[in-house]
Asker: 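Take this structure, written in structure tokens, and hold onto it; I'll ask about it next.
Excluded from the calculations below are hydrogen atoms, water molecules and symmetry mates; all remaining heavy atoms, backbone and side chain alike, are included. Within every chain, numbering begins at 1; the chains are lettered A, B, ... in the order of the sequence lines, protein sequences first and strands thereafter.
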Protein chains: 2
Amino acid sequence: MPMNSKPPLLQEVTELHAGICNGLADPTRILMLYALVDFPRNVKDLTETLELPQPTTSRHLKILRQQGLVIGERKGLYIYYRLADRRIIEALDLLRKILNDRLTYRASLVENYNTEQE
Amino acid sequence: MPMNSKPPLLQEVTELHAGICNGLADPTRILMLYALVDFPRNVKDLTETLELPQPTTSRHLKILRQQGLVIGERKGLYIYYRLADRRIIEALDLLRKILNDRLTYRASLVENYNTEQE
DNA sequence: TGACTATATACGAATATCCGAATATGCCTA
DNA sequence: TAGGCATATTCGGATATTCGTATATAGTCA
């Protein structure tokens with residue numbers, strides 16, 4: 001049953017939804033978010049921890065900021081970034097679990113194949 | 001992007017993790033995944049439900065397939081796609097909740113501003 | 001087999017994204 | 001105010017993504 005006129009509100013919210021996912025869709029940004037789990041970090045700290053050029057760090061942080069995933073707060077010379085919402089990590093963990101299960105399953109297939117061969 | 005002194009395994013897993021997120025990072029694909037919540041659907045069904053050109057549907061399904069988010073099973077002429085894991089929807093719901101909370105909060109700010117004005 | 005339906009892929013142009021290098025901005029302290 | 005450190009932005013070219021159109025592949029049935 002085709003939805004003749006799709007509600008424009010749903011369309012817009014889905015767009016934002018996708019934008020959030022896009023904020024998560026980069027390995028550097030995922031590492032950044034996990035680096036912020038325990039406490040806020042400033043840009044220099046993140047730059048050194050993740051071994052990135054400083055502009056790259058700032059650019060990724062900008063994307064995370066724009067998607068509302070992190071919040072930056074200036075304290076003097078430094079800007080400390082923290083997670084905007086703990087559930088971001090929950091969502092990332094969920095997806096990571098899916099991935100782990102898949103990798104485990106595939107590994108077990110290889111295992112079985114090997115034992116059947118010998 | 002150089003993360004030379006990082007464990008290569010973590011880096012690879014993070015890459016896959018980001019790939020999954022990237023699979024979710026498109027409004028059409030999000031609508032597709034939600035369309036598959038209750039039961040599998042074939043491509044024609046999805047094409048009509050989401051009002052997309054058929055090649056577009058197939059292309060998005062290919063991305064979802066590659067990221068392990070959906071599974072397709074041919075039954076005669078049709079290929080029925082289903083969610084590969086229910087937790088995908090859980091993760092999407094989590095992120096959607098974060099979004100809703102943010103929109104609600106912002107709406108309340110506007111509300112307060114308006115009442116303070118009068 | 002041929003005709004038909006469902007699904008997938010190829011191609012190309014427009015568009016977007018990425019990243020390094022350079023530079024700008026903001027804040028502090030002397 | 002100048003100088004220095006932290007952070008952000010800009011620019012440009014390489015690379016990647018997107019999407020429509022056209023076409024290919026796969027399966028069914030007469």
Asker: Do nucleotides 24-30 of chain C as a string where each nucleotide becomes B, S or -: B if the base has a protein heavy atom under 4.0 Å, S if just the sugar-phosphate does, - if no protein is that close.
Answerer: --BBS--

Asker: Considering only residues two or more places apart or on different chains, which pairs with a residue in residues 24-38 of chain B satisfy side chain to side chain donor-acceptor pair (under 3.5 Å)?
Answerer: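 For residues 24-38 of chain B, and leaving out neighbouring residues, the side chain to side chain donor-acceptor pair (under 3.5 Å) pairs sorted by first residue read R29(B)-H60(B), Y34(B)-D93(B).
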
Asker: Report yes or no: do T49(B) and D45(B) form a side-chain donor-acceptor pair below 3.5 Å?
Answerer: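 Yes, side-chain donor-acceptor contact under 3.5 Å.
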
Asker: Any ion pair linking E90(B) and R86(B) (charged N to carboxylate O, less than 4.0 Å)?
Answerer: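 Salt bridge absent between R86(B) and E90(B).
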
Asker: Can you list everything that forms a side chain to side chain contact (heavy atoms under 4.5 Å, CB included) with R59(B)? Sequence neighbours excluded, please.
Answerer: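 Side chain to side chain contact (heavy atoms under 4.5 Å, CB included) list for R59(B), sorted by chain: T56(B).
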
Asker: Specify the residues of residues 15-23 of chain A, ordered by number, for which at least one heavy atom lies under 4.0 angstrom from an atom of DNA chain C.
Answerer: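 Those residues whose heavy atoms fall under 4.0 Å from DNA chain C, taken from residues 15-23 of chain A, amount to none.
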
Asker: Taking atom C1' of dA6(C) as reference, at what distance in whole Å does atom CZ of R41(B) sit?
Answerer: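 To the nearest whole Å, that distance equals 17 Å.
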
Asker: From CD1 of I79(B) over to P of dT9(C), roughly how many Å is that when rounded to an integer?
Answerer: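 After rounding, the reported distance stands at 9 Å.
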
Asker: Could you give all pairs that pass the salt bridge (Lys or Arg N to Asp or Glu O under 4.0 Å) test and reach residues 71-85 of chain B, with sequence neighbours left out?
Answerer: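 Residue pairs with at least one partner in residues 71-85 of chain B: E73(B)-R82(B), D85(B)-R87(B).
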
Asker: Output all residues satisfying side chain to side chain contact (heavy atoms under 4.5 Å, CB included) with R102(A), sequence neighbours left out; order by chain, then residue number.
Answerer: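 Per chain and number, R102(A) pairs via side chain to side chain contact (heavy atoms under 4.5 Å, CB included) with I98(A), L99(A), I20(B).
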
Asker: Once side chain to side chain contact (heavy atoms under 4.5 Å, CB included) is applied, do any residues pair with T47(B), and if so which ones, sequence neighbours excluded?
Answerer: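 Listed in chain order: V43(B), Q54(B), T57(B).
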
Asker: Could you tell me whether Y81(B) contacts a base, only the sugar-phosphate backbone, or nothing, with contacts defined as non-hydrogen atoms closer than 4.0 Å?
Answerer: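 Sugar-phosphate contact only - Y81(B) comes under 4.0 Å of backbone atoms but never of a base.
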
Asker: First locate atom CG of N22(A), then atom CD1 of I63(A), and finally report the distance between them rounded to the nearest 0.5 Å.
Answerer: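 The CG atom of N22(A) sits 7.5 Å away from the CD1 atom of I63(A).
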
Asker: Y105(B): which residues meet the side chain to side chain contact (heavy atoms under 4.5 Å, CB included) condition with it, sequence neighbours left out?
Answerer: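 Listed in chain order: S108(B), L109(B).
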
Asker: Tell me, do C21(B) and L92(A) make a side-chain contact under 4.5 Å, heavy atoms counted?
Answerer: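 The answer is yes; the side chains approach within 4.5 Å.
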
Asker: What distance do L64(B) atom CG and L33(B) atom CG have between them, rounded to the nearest 0.5 Å?
Answerer: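 The CG atom of L64(B) sits 5.0 Å away from the CG atom of L33(B).
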
Asker: Please give me every residue in residues 53-65 of chain B whose heavy atoms get under 4.0 Å of an atom in DNA chain C, ordered by residue number.
Answerer: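 Here the set is Q54(B), P55(B), S58(B), R59(B), K62(B), R65(B).
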
Asker: Using rotation axes that map the C1' atoms of four end pairs onto the next four (five pairs an end), what angle separates the end axes of the helix from dT1(C)-dA30(D) to dA30(C)-dT1(D), to 10°?
Answerer: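 About 20°, once rounded to a multiple of 10°.
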
Asker: Spell out, as yes or no, whether a donor-acceptor pair under 3.5 Å connects the side chain of H17(A) to the backbone of P27(B).
Answerer: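 Flag not set: sc H17(A) to bb P27(B) has no pair under 3.5 Å.
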
Asker: Let me confirm one number: the CG-CD1 distance from L83(A) to I71(A), rounded to the nearest 0.5 Å.
Answerer: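 It is 9.0 Å, given to the nearest 0.5 Å.
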
Asker: Using chain B heavy atoms and a threshold of under 4.0 Å, write down where along DNA chain D the contacts begin and end, 5' to 3'.
Answerer: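 The footprint of chain B covers dC19(D) to dT28(D).
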
Asker: Can you tell me how far apart CG (L77(A)) and CG (N42(A)) are? Round to the nearest 0.5 Å.
Answerer: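 Interatomic distance, L77(A) CG to N42(A) CG, rounded to 0.5 Å: 9.5 Å.
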
Asker: Going by side-chain heavy atoms closer than 4.5 Å, which hydrophobic residues are tied to F39(A), directly or by a chain of links?
Answerer: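 Under the 4.5 Å side-chain rule, F39(A) groups with nothing.
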
